[in-house]
Asker: 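The structure's right below; bear with me while I get my questions together.
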There are 2 protein chains.
Amino acid sequence: MISVDTSQRILDIAEQLVQTRGFNGFSYADIAATLGVTKASLHYHFPSKADLGQRLIERYGKSFLAALASIDRGGGSAPDRLRRYVAIYIEVLCDDRMCLCGMLAAEFATLPSPMRDEMMHFFDENERWLSGVLEHGAAHGELRFAERARDVARALMASLEGAMMLARSYGDASRFELAANRALAQLAA
Amino acid sequence: MISVDTSQRILDIAEQLVQTRGFNGFSYADIAATLGVTKASLHYHFPSKADLGQRLIERYGKSFLAALASIDRGGGSAPDRLRRYVAIYIEVLCDDRMCLCGMLAAEFATLPSPMRDEMMHFFDENERWLSGVLEHGAAHGELRFAERARDVARALMASLEGAMMLARSYGDASRFELAANRALAQLAA
DNA sequence: GTCTATAGGTGGATAGAC
DNA sequence: GTCTATCCACCTATAGAC
């Protein structure tokens, strides 16, 4: 994820800051110090912090969707795909980060509307993809669940986001892995 | 929850603010405006914001433990107790709040050490209580699970915290209820 | 595109009168 | 206990030179 473009480098640094400290937990000064430029320069690329935040979620969402598309291209059974979905979260967590949108969900009440909408769009897309995998798995006898695929998808996202948050607080990734494995095991046919 | 004591009233207001906006999302000015006093007065009761935060979690933890003791006094089966445990979360959510400690878990990286410790203590106590209920339920054939009670307790807490956060962002408490019901249904013997 | 300089506001916190 | 007044650091953001 090495960027040459300054805008992308700013987003890289901001992304790491939001995922660790939250949108209200960092400032332009933090980015400027890391990047080695002045605060004023940042405003050339992102006029306001709200702009920066919105563009950040947009990029994160696209990158996440690309990862989901990559899972689909890789083929494999529905349980396999779910394991690779969980692996994305683990990778983020092992970098001591939270899911960007999980973090923003906590700060929801303080976010400007465009950021809220972009955040919900992220979860909607995740729900869509997961629902597809779940339905496919159920149809092929690879997965079993009693509720609507949509509701199972929502419950799964919630479990992963919550487990991620607690695991990060305890500095113990195995807390996440245990919760995630249990969630997947319960879907086994 | 009506307090006459000024310190308690300050904590009441701060609690609502943290549960909706986060610890980094409010200021002494917000409390002062709501309470109708000056910022300086607040510093008489809580010298620093870190003090305020720590005392806030202490009180919240005690109140939560009292609620768990109340569930125990009420008797009933393990599934019954778990339903009443979930009901605590629902009540908080219907007031458009997050769990105080779930909120702080997101901001973990920016919190002073005393607040971190107090927050983890809250989750440890929840884990202890839940583990007890789970073990009791398993021993009496009311609940069934494959993993250690401790790990099931952790997974359950993570699910509830995550579902709460997403449900609040979507302004849809039913999202939480569906996830919680699914989590409890999977423990049914 | 990046800089210096600065505006205008808000943050937490303190001193000292009442 | 609460007030007024104030401090200083930091915040987001802008103007204008280079």
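Hydrogens, waters and symmetry mates play no part in the numbers below; they use all other heavy atoms, side chains included. Just so it is clear, the model here is predicted, and its values are computed rather than measured. Chain naming here is simple, since letters A, B, ... match the order of the sequence lines and numbering starts at 1 in each.
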Asker: Using a cut-off of strictly less than 4.0 Å, decide whether Tyr44(A) has a side-chain nitrogen or oxygen near OP1 or OP2 of dG1(C).
Answerer: yes
Asker: Tell me every residue that passes side-chain hydrogen bond (donor to acceptor under 3.5 Å, both in side chains) with His121(B), counting only those two or more places apart in sequence or in another chain.
Answerer: Glu125(B)
Asker: Look at the side-chain N and O atoms of His45(B) and state whether any lies under 4.0 Å from the OP1 or OP2 oxygen of dT2(D).
Answerer: yes
Asker: Distance under 6.0 Å and angle within 45° of the ring axis: does Arg21(A) meet both against Phe26(A)?
Answerer: no
Asker: Would you please name every residue forming a side-chain hydrogen bond (donor to acceptor under 3.5 Å, both in side chains) with Glu127(A), sequence neighbours left out?
Answerer: Arg154(A)
Asker: Run the side-chain donor-acceptor check on residues 104-115 of chain A: report pairs under 3.5 Å with partners two or more places apart or on a different chain.
Answerer:
residue, atom, partner, partner atom, Å
Glu107(A), OE1, Phe23(A), N, 2.7
Glu107(A), OE2, Phe23(A), N, 3.1
Glu107(A), OE2, Asn24(A), N, 2.9
Glu107(A), OE2, Asn24(A), ND2, 3.4
Thr110(A), OG1, Asn24(A), ND2, 2.9
Thr110(A), OG1, Glu107(A), O, 2.9

Asker: Closer than 4.0 Å, any side-chain N/O of Thr6(A) to the OP1 or OP2 of dT2(C)?
Answerer: yes
Asker: Let me know the distance between OH of Tyr28(B) and P of dC8(D), rounded to the nearest Å.
Answerer: 21 Å
Asker: Can you tell me how far C1' of dT12(D) sits from CG of Asp51(A), to the nearest Å?
Answerer: 12 Å
Asker: Using distance only, find each side-chain donor-acceptor pair of residues 85-102 of chain B under 3.5 Å and give its atom names and separation, not counting sequence neighbours.
Answerer:
residue, atom, partner, partner atom, Å
Tyr85(B), OH, Tyr89(B), OH, 2.9
Tyr85(B), OH, Asn126(B), OD1, 2.6
Asp95(B), OD2, Arg97(B), NE, 2.9
Asp95(B), OD2, Arg97(B), NH2, 3.4
Arg97(B), NH1, Gln19(B), OE1, 2.9

Asker: Report the distance from atom CZ of Phe23(A) to atom P of dC11(D), rounded to the nearest whole Å.
Answerer: 14 Å
Asker: Measure CG/Leu52(B) against P/dG11(C) and give the value in whole Å, please.
Answerer: 14 Å
Asker: Name all residues meeting the side-chain hydrogen bond (donor to acceptor under 3.5 Å, both in side chains) criterion together with Asp117(B); count only those two or more places apart in sequence or in a different chain, and write none if there are none.
Answerer: none
Asker: How many whole angstroms separate atom NE2 of His43(B) from atom P of dG16(C)?
Answerer: 17 Å
Asker: Going by number, which of residues 31-41 of chain B have a non-hydrogen atom under 4.0 Å from DNA chain D?
Answerer: Val37(B), Thr38(B), Ala40(B), Ser41(B)
Asker: Are Ser48(B) and dG12(C) close enough that a side-chain N or O sits under 4.0 Å from OP1 or OP2?
Answerer: no
Asker: Base, sugar-phosphate or nothing for Phe46(B)? Non-hydrogen atoms, less than 4.0 Å.
Answerer: nothing
Asker: For the pair made of CZ in Phe26(A) and C1' in dC10(D), what is the distance, rounded to whole Å?
Answerer: 15 Å
Asker: In whole angstroms, how far is the P atom of dC10(D) from the CZ atom of Arg21(A)?
Answerer: 13 Å
Asker: Check the distance between dT10(C)'s P and Asn24(A)'s CG and give it to me in whole angstrom.
Answerer: 16 Å
Asker: Could you check whether Arg9(B) pairs with Asp12(B) (Lys NZ or Arg NE/NH1/NH2 to Asp/Glu carboxylate O, under 4.0 Å)?
Answerer: no
